Peer 1: 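One structure follows; several queries about it will come next.
Everything quoted here is computed from the prediction, not taken from an experiment. First the proteins, then the strands, lettered A, B, ... as listed; each starts at 1. FYI, side chains are in, hydrogens and waters are out, and symmetry mates aren't considered; it's all heavy atoms of this structure.
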There are 2 protein chains.
Amino acid sequence: MEILKELKKIALFKGFEDKELLSMMNCFSVELKEYEKNQTIIEQGQKVEKVVLLIRGEANVENIDIFDNQSIILNLKNGDFFGLEETYADKIYFRDSLKSCEKTIVAMFDKTRFVFPCENNCPCHQKLLKRIINYSASRSLMLVDKIKHLSQRGIKEKVLSYLHSQSNIAGSPYFDIPFNKTELANYLSVERSALSTILWKLKKEGIIDFEKKRYHIKKTK
Amino acid sequence: MEILKELKKIALFKGFEDKELLSMMNCFSVELKEYEKNQTIIEQGQKVEKVVLLIRGEANVENIDIFDNQSIILNLKNGDFFGLEETYADKIYFRDSLKSCEKTIVAMFDKTRFVFPCENNCPCHQKLLKRIINYSASRSLMLVDKIKHLSQRGIKEKVLSYLHSQSNIAGSPYFDIPFNKTELANYLSVERSALSTILWKLKKEGIIDFEKKRYHIKKTK
DNA sequence: CTCCAAATGTTGAAAAAACAACAATTTTTC
DNA sequence: GAAAAATTGTTGTTTTTTCAACATTTGGAG
């Protein structure tokens, strides 16, 4: 079965046997769905009924605020969840939308299984729970990181803060980021054209280098 | 014992019996500590060895960034954890500091117990785990909220986004916030004097009202 | 290959925020 | 309750960002 291979690639299911995965999929009534580029997977305001796991592709968590402006909150890749926090925190409605950036495959999990583990006490729940906690904790830390970037006063500081953090995650001064320039401006919540100007200024000053989505931090600080 | 009464007030331990609490405290080698105003409870860069639970008082999560600027990431109250995410995400060092804003009592939990539940499979772990997940998930959602405020382009939009969200949490147009003006500016990462000007402008326009830490949203949108 | 659309870069003017310095007010401390 | 310290408000100047409009480049789709 094709899907099992995909699932096993995801950190959350590392080391799971085919049998375990199948029982898990049955237990959570997993439903696979496929989306084209720029489709809405979950709409802001919708009821929290499913937990979405990105199997393949890429999607953005987006929000329309009280002033009717749209912003990208997060970028999700395969292995990422959407709706996990809402489920565990007993939220009724989604406050953000999930939109595919490209051809995307997701697994829809029945939310109730996350809240009430199955009667037959299937072992996958125990195993999963620990990983889910780890996942949720990591996500929190990532959000704190984003807060740190957004808290920077100027565009220069914001983008350098972000690039340093990406470099740390990659463990190298050379790294790819998941955004093009327009999306990066959106992520950092700054004017695209101003970001463009500043990136080139930093390049000319020999502080960074970039080409498409690949960046290089030449000078630390 | 005084401490048991304090613990029972905390949402995390609601419904726990004295016996359970005592066994839990023993199991986690809980150590109580008291801090005066403006003391450093945990210093950025320190090793993650304890999980801190605020029992009484108030503390800020603060960070000094790569440009040596300090900012308040979060404000913690009784019932809030510090270090939980780092523990579950297997981080080695703290990337933020925890500083008391007033006289504060904290419980220091041995981190290893969070990672490896005790051999005797004590029931408190099971019970706690579920609540910890709920806590962690709620925190994530709160962080996403903060991101939404910081993503606003102008000071006016930032502060209104924050006040609306506080009003929602309180479930009323009248509500208290945990910050004075200086701290609010810090939290929203804007210039204090500029924030002051804008708050008064909003007041004169009849959009909001405020007095000390109490605010009132008069017009929605 | 050509055309079209999207992404990216550039510029100048307008708006907003930061900064700095100081006045007024409130809170704390002795 | 007076003095000191911290918080808050005010103002003018400087700097930065946004905004708007357009040029250039890139990346498909046919």
Peer 1: Of all nucleotides in DNA chain D with an atom under 4.0 Å from a non-hydrogen atom of chain A, which is the first and which the last going 5' to 3'?
Peer 2: D:dT17 to D:dG27

Peer 1: Whole angstroms only, please: what is the NZ-P distance between B:Lys213 and C:dT26?
Peer 2: 16 Å

Peer 1: Between B:Lys212 and B:Asp176, is there a salt bridge with N-O shorter than 4.0 Å?
Peer 2: no

Peer 1: For B:Thr197 and for A:Glu157, find the nucleotide of DNA chain D with the closest heavy atom, then tell me which residue's nucleotide is more 5'.
Peer 2: B:Thr197

Peer 1: Is there a donor-acceptor pair closer than 3.5 Å between any side-chain N or O of A:Ser100 and the backbone N or O of A:Gln39?
Peer 2: yes

Peer 1: Can you confirm if the NZ or CZ of A:Lys156 lies within 45° of the ring axis of B:Phe67 and under 6.0 Å from the centre of its six-membered ring?
Peer 2: no

Peer 1: So if I take every side-chain heavy atom of A:Trp200 and compare against C:dG9, C:dA17, C:dC19, which nucleotide ends up nearest?
Peer 2: C:dG9

Peer 1: Would B:Lys158 count as a cation-pi partner of B:Tyr187, with NZ or CZ less than 6.0 Å from the six-membered ring centre and within 45° of the ring normal?
Peer 2: no

Peer 1: If you compare every side-chain N and O of B:Lys212 against the phosphate oxygens of C:dT27 (OP1, OP2), does one of them come in below 4.0 Å?
Peer 2: yes

Peer 1: Salt bridge check, B:Asp209 against B:Lys203: does any charged N sit closer than 4.0 Å to a carboxylate O?
Peer 2: yes

Peer 1: Using modelled atom types and a 3.5 Å cut-off, is there a donor and acceptor pairing between side-chain atoms of B:Arg113 and backbone atoms of B:Ser29?
Peer 2: no

Peer 1: Tell me the closest heavy-atom pair linking A:Phe175 and A:Ala170, and the distance in Å.
Peer 2: CB-CB, 3.7 Å

Peer 1: Start with the C-alpha distance between A:Arg139 and A:Tyr135, add both sets of side-chain angles, then the distance that settles side chain to side chain donor-acceptor pair (under 3.5 Å), and finish with yes or no.
Peer 2: CA-CA 6 Å; A:Arg139 174 109 104 189; A:Tyr135 174 85; 3.1 Å; yes

Peer 1: Closer to the 5' end of DNA chain C via nearest nucleotide, is it B:Ala194 or A:Leu199?
Peer 2: A:Leu199

Peer 1: Using a cut-off of strictly less than 4.0 Å between a heavy atom of the residue and any atom of DNA chain D, enumerate the qualifying residues of residues 174-191 of chain A by number.
Peer 2: A:Val190, A:Glu191

Peer 1: Rounding to a whole Å, what distance do you find between A:Lys201:NZ and C:dT11:P?
Peer 2: 15 Å

Peer 1: With nearest nucleotides of DNA chain D determined for A:Lys156 and A:Ser193 from heavy-atom distances, which residue corresponds to the more 5′ nucleotide?
Peer 2: A:Lys156

Peer 1: In whole angstroms, how far is the P atom of C:dA18 from the CZ atom of B:Arg192?
Peer 2: 12 Å

Peer 1: How long is the line joining CD of B:Glu36 and P of C:dT29, in whole Å?
Peer 2: 11 Å

Peer 1: Can any side-chain N or O of B:Ser167 pair as donor or acceptor with the backbone N or O of B:Leu163 at less than 3.5 Å?
Peer 2: no

